[in-house]
Amino acid sequence: GWGEPLLNPNFLEFFKQISEYKPQIFVLTNGLLLNEEISLQLLEGGLAFLNFSFDSTTPEKYNKIRRGSDFHKVLKNIKTFVSLKKQLNLEKPYLRMVFVGMRENIEEFPKFVELAHELGMNEAKMVYMIAYGNDMEKQILYHSKELTNAILDKAGQRAKELGIKLTIPDRFSKAIHETAHHKPC
C-alpha cells in the first residue's frame with residue numbers, strides 16, 4: 001500500500017519473517033528513516049526492489065515539497081545504502097528513484113536523472129502528481145503540456161547519454177482523450 005513503511009515500529013520484524021520465504025519484496029520509502037541498521041537488515045534479508053521518492057535536486061525545493069523531510073539527511077541515507085550494497089557485493093536490490101512531476105519541479109527532471117545516475121540507481125522514474133484538492137490544481141502538469149513534453153524529451157536524451165533506465169508517463173497529446181487508455185473525467 002501507500003505510505004511510509006519505515007514508520008511502522010514492527011517493519012523490520014515483518015520484513016525478517018517474510019524474507020525467510022524468499023519472496024520478491026518491494027519497498028517504497030522517502031528515505032528519511034533509512035538508517036544504516038535498517039539498510040543492513042534489508043540488504044542481508046534479500047530485498048529485491050527499493051524505490052526512493054525524491055522530488056527535487058535542490059534542498060530548498062525538496063524541503064518545501066516534502067514538508068518535514070531533510071534533503072541532506074535523505075541524500076546521506078541513500079548514499080549509505082548504496083555504499084553498503086557495494087561493500088556487500090550484492091546485485092539486489094534493484095534501485096529506483098521516483099520523481100513526482102509537478103509544475104513547481106518539472107524543469108529539474110533532467111537534473112534528477114543525472115542525480116539518480118550519480119547515486120548509483122538502476123532507474124529514474126517520473127510519475128505525474130495527482131491533485132487531491134483545489135489548492136494543488138495549479139501544480140498539475142496538464143496545464144503545462146508543451147513544457148512537460150519538452151522536459152521529458154530532454155530527460156530521455158540525458159538518460160540515454162548516461163546509460164540509466166528511464167521510465168516516464170505518457171506524453172501529453174491533443175488526442176489524449178481519444179485513446180482507449182485515457183478517458184475524460
Side-chain angles (χ1 to χ4, degrees), residues 1-9 11 26-39 42 49-83 93-159 161-162 164-172 176 185:
W2 295 104
E4 176 53 51
L6 301 182
L7 282 173
N8 186 320
F11 174 79
F26 173 100
V27 172
L28 169 63
T29 180
N30 61 29
L32 186 62
L33 302 175
L34 187 67
N35 60 33
E36 189 169 338
E37 176 190 344
I38 294 170
S39 295
L42 293 175
F49 302 93
L50 183 58
N51 281 12
F52 295 103
S53 294
F54 203 84
D55 302 322
S56 179
T57 58
T58 66
E60 301 77 26
K61 196 169 290 180
Y62 175 90
N63 292 336
K64 181 181 177 197
I65 292 170
R66 295 250 168 207
R67 286 177 285 217
S69 192
D70 181 326
F71 177 89
H72 296 292
K73 182 175 182 179
V74 171
L75 206 54
K76 177 184 170 284
N77 292 347
I78 292 171
K79 289 177 180 179
T80 297
F81 188 92
V82 173
S83 176
Y94 182 89
L95 301 176
R96 177 186 299 135
M97 276 180 47
V98 183
F99 182 91
V100 177
M102 59 190 82
R103 184 60 192 98
E104 186 169 358
N105 68 358
I106 187 63
E107 294 178 54
E108 292 183 41
F109 188 55
K111 287 214 176 288
F112 172 85
V113 171
E114 292 172 4
L115 179 61
H117 176 261
E118 289 170 19
L119 291 172
M121 298 293 118
N122 299 101
E123 180 180 345
K125 178 177 181 175
M126 187 181 106
V127 296
Y128 291 133
M129 185 202 78
I130 298 170
Y132 290 103
N134 291 337
D135 57 324
M136 299 172 73
E137 194 268 333
K138 290 182 180 174
Q139 289 292 334
I140 62 174
L141 292 170
Y142 183 80
H143 305 298
S144 303
K145 295 176 195 167
E146 288 181 24
L147 172 66
T148 300
N149 289 344
I151 295 293
L152 292 176
D153 290 342
K154 187 175 179 181
Q157 182 59 39
R158 195 66 188 118
E161 292 166 2
L162 294 170
I164 185 171
K165 181 178 179 185
L166 179 66
T167 302
I168 56 173
D170 291 339
R171 285 173 173 76
F172 291 105
I176 195 164
C185 294

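Across all non-hydrogen atoms, the minimal contact from Ala131 to Ile140 is CB-CG2, 3.6 Å. Minimum interatomic distance between Gly68 and Leu32 (heavy atoms only, all atoms of both residues): O-CD2, 3.9 Å. Across all their heavy atoms, Gly120 and Leu95 have their closest contact at O-CD1, 4.1 Å. Taking every heavy atom of both residues into account, Asn77 and Gly31 meet most closely at ND2-O, 2.8 Å. The heavy-atom pair separating Phe112 from Lys125 by the smallest distance is CE2-O, 3.9 Å.
Applying the salt bridge (Lys or Arg N to Asp or Glu O under 4.0 Å) rule to Glu161 yields the partners Arg158; only residues at least two apart in sequence or on another chain are considered.
Taken from CG in Asn51 to OG1 in Thr29, the straight-line distance is 10.0 Å, to the nearest 0.5 Å. Atoms CD1 and CD, on Ile164 and Glu114 in that order, are 10.5 Å from each other to the nearest 0.5 Å. Rounding to the nearest 0.5 angstrom, the gap separating the CD1 atom in Ile151 from the CD atom in Glu108 is 10.0 Å. With rounding to the nearest 0.5 Å, the separation of CG in Leu6 from CG in Asn30 is 7.5 Å. Remark: Ser83 OG to Leu119 CG distance equals 12.0 Å, nearest 0.5 Å. If you take CE on Met97 and CG on Asp55, they are separated by 9.0 Å, rounding to the nearest 0.5 Å.
Relative ring orientation between Phe52 and Phe81 is described as perpendicular, the plane-to-plane angle rising above 60° on a 0-90° scale split at 30° and 60°.
Ring pair Tyr128/Phe172: centre-to-centre distance below 6.0 Å.
Between Ile78 and Val74, some side-chain heavy-atom pair lies under the 4.5 Å cut-off. Ser56 places none of its side-chain heavy atoms less than 4.5 Å from the side chain of Lys64. Within the 4.5 Å cutoff, the side chain of Phe26 has heavy atoms near those of the Arg96 side chain. Under the 4.5 Å side-chain criterion, counting only non-hydrogen atoms from C-beta, Leu115 is not in contact with Lys111. When side chains are defined from C-beta on, Met126 counts as touching Leu152, because their heavy atoms get closer than 4.5 Å. A 4.5 Å side-chain heavy-atom check between Leu166 and Phe109 finds at least one atom pair inside the cut-off. The shortest side-chain heavy-atom distance between Asp153 and Arg171 falls under the 4.5 Å cut-off. Side-chain contact between Phe54 and Ser69 is absent, with no heavy-atom pair separated by less than 4.5 Å.
Checked by atom type, the side-chain pair Glu36/Thr80 shows no donor-acceptor distance below 3.5 Å.
For Lys73 and Phe71, the positive end is not near the middle of the six-membered ring at less than 6.0 Å and at most 45° from its axis.
Side-chain atoms of Gln139 never come within 3.5 Å of backbone atoms of Met102 as a donor-acceptor pair (strictly under, hydrogens ignored). Under a 3.5 Å cut-off, the side chain of Lys61 and the backbone N or O of Asn105 do not form any donor-acceptor pair.
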